[in-house]
Every structure is written in structure tokens, then in C-alpha cells.
Amino acid sequence: MLQLQTIREDKDAIVTALKKRNVDADAMLNGVLQLDEKRRSIQTELDSTLAESNKLSKEIGMLFKSGKASEANALKAKTTALKEASKKLGDDLNTTAEELQNLLYQIPNVPHESVPAGSSEEDNEEIFKEGDIPTLAEGALPHWELAKKHDIIDFELGVKITGAGFPVYKGKGARLQRALISYFLDKNTEAGYTEIQVPHLVNEASGYGTGQLPDKEGQMYHVQADDLYLIPTAEVPVTNIFRNEIVKEEDFPITYTGYTPCFRREAGSYGAHVRGLNRLHQFDKVEIVRVEHPKNSYAALDGMVAHVKNILRELKLPFRILRLCGGDLGFTAALTYDFEVFSTAQDRWLEISSVSNFETYQANRLKLRFKDENGKNQLAHTLNGSSLALPRVLAGILENYQTADGIQIPEVLVPYCGFDRI
């Protein structure tokens, strides 16, 4: 969430910046400032009341020691009133602080200056494109038909077991899935990321820490009996490792990678564009997460983009990179680059990675800090990216590598698969 001090000092600049998101934040920010002023006023009054109460308590003690019980008893009535007043002030302070926090949760991150204005994905800016789109033979099939033809993914069986959006991978399909996970993890660890395995369920505090709550509450699976949430991405548990932590400046950069299944309700998703692997309720993803010194975070973001580029080059998939416009930018991100691969059989681009810098937005929620050279606590910057999300990468491989004799396996994956053709 945004920092109160920044809102106090640069409210007008924040209002202007959030217009790139098509958000009129003026009323919300005024509400924040009013609640902040009320909170500080109550805090001042409470501090004064407690100080007066403590002063009288000492006087009462001295009067009792001096044998002046009647005078002491007379003051005790006043301390009782002060204690009642302080309790009410404390309750008012907690209520006001909660109202302030809830309002801050509703304000999205300020977009980086490079983010283009726009209202939807149609306004995203293509900044890079690479790879030749293959020419497929007549009768080329989309991946869901290829999966059925070669018996490698069973969508109907997933419906039987669970419901739509929960496919069953079979035989070489399962092995290819496992190969992609291992390949992505190896590429990430070779680049210096430490592999980590994390829980697939998180508590409410973790959801608030990285900004999935309250913004994406409707998209998350909630286990109500235990008040836990199935993770929508490894970003949530990995980043929350650092919740309420003060890291050492010399430890930067902190880099992790992890594989997890991801769970998303994807409410309202339907139609031909979500067929097959295009949009699932459960899918596999390998994530990279970085905690950075603020002065280095954008260089780190560029490095993450270059890293994902290299993976897609090795897979020899045609891809492009988009800088997301304000209207398509995620709630918590300051700047996001989306990677898309071209699905030749579907004749459309498929998003397979988002790489984002959140600056201090998540760190402020997480209370993730470091001590600077002056010994003062400062908020770190957090970043994350898909490296990569499997379903649409797999869809791109199946469709773009199909031949009359079957589906070739990208050369870089053959050692992981143990076969070169499906």
C-alpha cells in the first residue's frame, strides 16, 4: 500500500499518476488524510490523558505514604475518570486506525512514469518481438485436439474428478510437464536464484501482505473451516517469508525460485478463448522473486526480463513483450512486462509470463525493511515474475511443434523428457 508520508507530501502527484489507471483517487486520498489527522489527534489526546493519569497515580502514592489518605482518595476518583477516558480514546484510536488501513488497502500502486496510459489490454505497448512464426501443414490442430489425438491430456477426466479447468496429464504429457518444471528451475538456479519449496495454502495475513486481499478475494479458493487460502501463485508464500522482517543491506539481492501448483477461481471465464489449457483453475508455474535495494530494483527488473527472454529463445518459441498500460496494470504493480507466445494453430498470442516491480507497495504491507547506511529503517523493493507458467507454454509447444508425424520436442527439453517426439 502507499505510504502515509508520501500521500501527505505528494497527494496531487499521486492523484495525477493514478489517472493512468483510470482511477480518480482524489476523494480516497482526502479521506486518508482526514482519517490520518483524526488518528493523530486522538493519539495526542490519549498520550496526554495517560500522562496525566500516571502523574496522579504517583501523587496518590506519595499522599498515602505521607498519611494523607483523604486527599489521596479524593484524587483516586479523578484517576478513575481518566482511565475511563483513556479506554474510550484507545477504542476510538483502534477504530480510526482500522478505517484508515482499510481505505489504504483500496488504493492501487502508483504506476511508474514509463507506464502508458490506456484503458484495456488493447492499449498495451509492444516493446519487443522475436522468433519466426512457423507455417503449419494443412489440417493443423489446436492443442486441445492434439492432446486428445495423442492421449496426453484428458480434459473430460478432469471434469469427472473435479470440474472444468482441472486437466489430467497422461503418459508423455505428464513427463513433458515435469520436464518443463525441471528445466525452468534449473535455468533459474543457474541464474543465481535459490530454489525453495513453500506451502500451497496461506493465511489471511499473507494474502494481505502481497496484495491478493482484499483486491482478488473473489478469485481465490478459500478453505473456510481453517480460514486459509489456496495460493494463486508462489509469489504469495515466497514473498511472505519476509513479512515483518528487517533484512541486512549487504544481503541484497535476495533471490528465490519455486515451483507450485496455482489455484484460481477465474470467475466469469468462458468462451472459445479459454478452451483447453488457455485458462485453468489449477495449473503449474515456476516463479522468481526478488527483494532488492530501491536503487537497484529497475536494473533487476531488466535482468529478469532478459532471463525470461533467454528461456523462450532456448525453447525456440515466437514471443513478444508488452509494457502494460495503466488500465491493464495489476493492482499492486508499478510496472509490468507481459510475455506472450504465438499460438499458430489458434492464430493468437497467449500470455505466459508477467514480470513486475512493486517498488515499496508490497513491502509497506509486509513491513519488509532494511537498515540503510545511517542505521535508519527503509522499505525494500519487491519484484516477481513467472519463469514460467506452464499451461500456455505447453500449448505453444504442442501447436507450434506439430508435424504430420507427431509433435517434436524442443531440443533443450529432450534430455529432461527422455524422448524427442510425441
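Heavy-atom basis, side chains included; hydrogens, waters and symmetry copies ignored. For this chain, numbers begin at 1 and follow the sequence in order.
- The heavy-atom pair separating Ile42 from Leu89 by the smallest distance is CG2-O, 3.5 Å.
- Atoms CG and CG, on Leu180 and Leu390 in that order, are 5.0 Å from each other to the nearest 0.5 Å.
- Between Arg178 and Tyr416, every side-chain heavy-atom pair lies at or beyond the 4.5 Å cut-off.
- Between Tyr256 and Val198, the closest side-chain pair of non-hydrogen atoms is not below 4.5 Å.
- Across Leu317, Leu315, Leu146, a single residue satisfies side chain to side chain contact (heavy atoms under 4.5 Å, CB included) together with Tyr401, and that is Leu317.
- Checking side-chain atoms of Gln282 against main-chain N and O of Pro261 turns up no donor-acceptor pair under 3.5 Å.
- Arg320 pairs in a salt bridge (charged side-chain N to carboxylate O under 4.0 Å, His left out) with only one of the listed residues (Glu130, Glu340, Glu125), which is Glu340.
- Closest non-hydrogen pair, Arg369 versus Lys367, comes out as NE-O, 3.1 Å.
- Residues Pro232 and Tyr221 fail the side-chain proximity criterion, which asks for heavy atoms closer than 4.5 Å.
- Taking each heavy atom of Phe184 and Ser387 in turn, the nearest pair found is CB-O, 3.2 Å.
- When side chains are defined from C-beta on, His200 counts as touching Thr260, because their heavy atoms get closer than 4.5 Å.
- Leu324 and Asp338 make their closest contact through CD2-OD2, 3.6 Å (heavy atoms, listed as atom of the first residue, atom of the second, distance).
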Check the pair His381, Lys295 against side chain to side chain contact (heavy atoms under 4.5 Å, CB included), reporting the backbone distance first and the verdict last.
CA-CA 9 Å; His381 279 195; Lys295 69 182 181 183; over 6 Å; no

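- By the 4.5 Å heavy-atom criterion applied to side chains, Gln101 and Met1 are counted as neighbours.
- Atom CD of Gln5 sits in a sparse spot, with 12 or fewer heavy atoms from other residues, nucleotides or ligands closer than 6.0 Å.
- Shortest non-hydrogen contact noted between Ala147 and Phe155 is CB-CE1, 4.2 Å.
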Test Lys88 against Asp91 for salt bridge (charged side-chain N to carboxylate O under 4.0 Å, His left out), laying out the working first.
CA-CA 5 Å; Lys88 183 180 184 306; Asp91 292 341; over 6 Å; no

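- For the side chain to side chain contact (heavy atoms under 4.5 Å, CB included) with Pro391, the lone residue among Leu350, Ile352, Asp284, Leu277 that qualifies is Leu277.
- Two residues are said to be in side-chain contact when any heavy atoms from C-beta on lie closer than 4.5 Å; Leu213 and Tyr105 fail this criterion.
- Proximity of a side-chain donor or acceptor of Arg21 to a complementary backbone N or O of Gly330 within less than 3.5 Å is detected.
- The pair Lys87-Glu84 does not meet the salt-bridge criterion, since no charged nitrogen lies less than 4.0 angstrom from a carboxylate oxygen.
- For the pair Leu366 and Phe242, the minimum side-chain heavy-atom distance is 4.5 Å or more.
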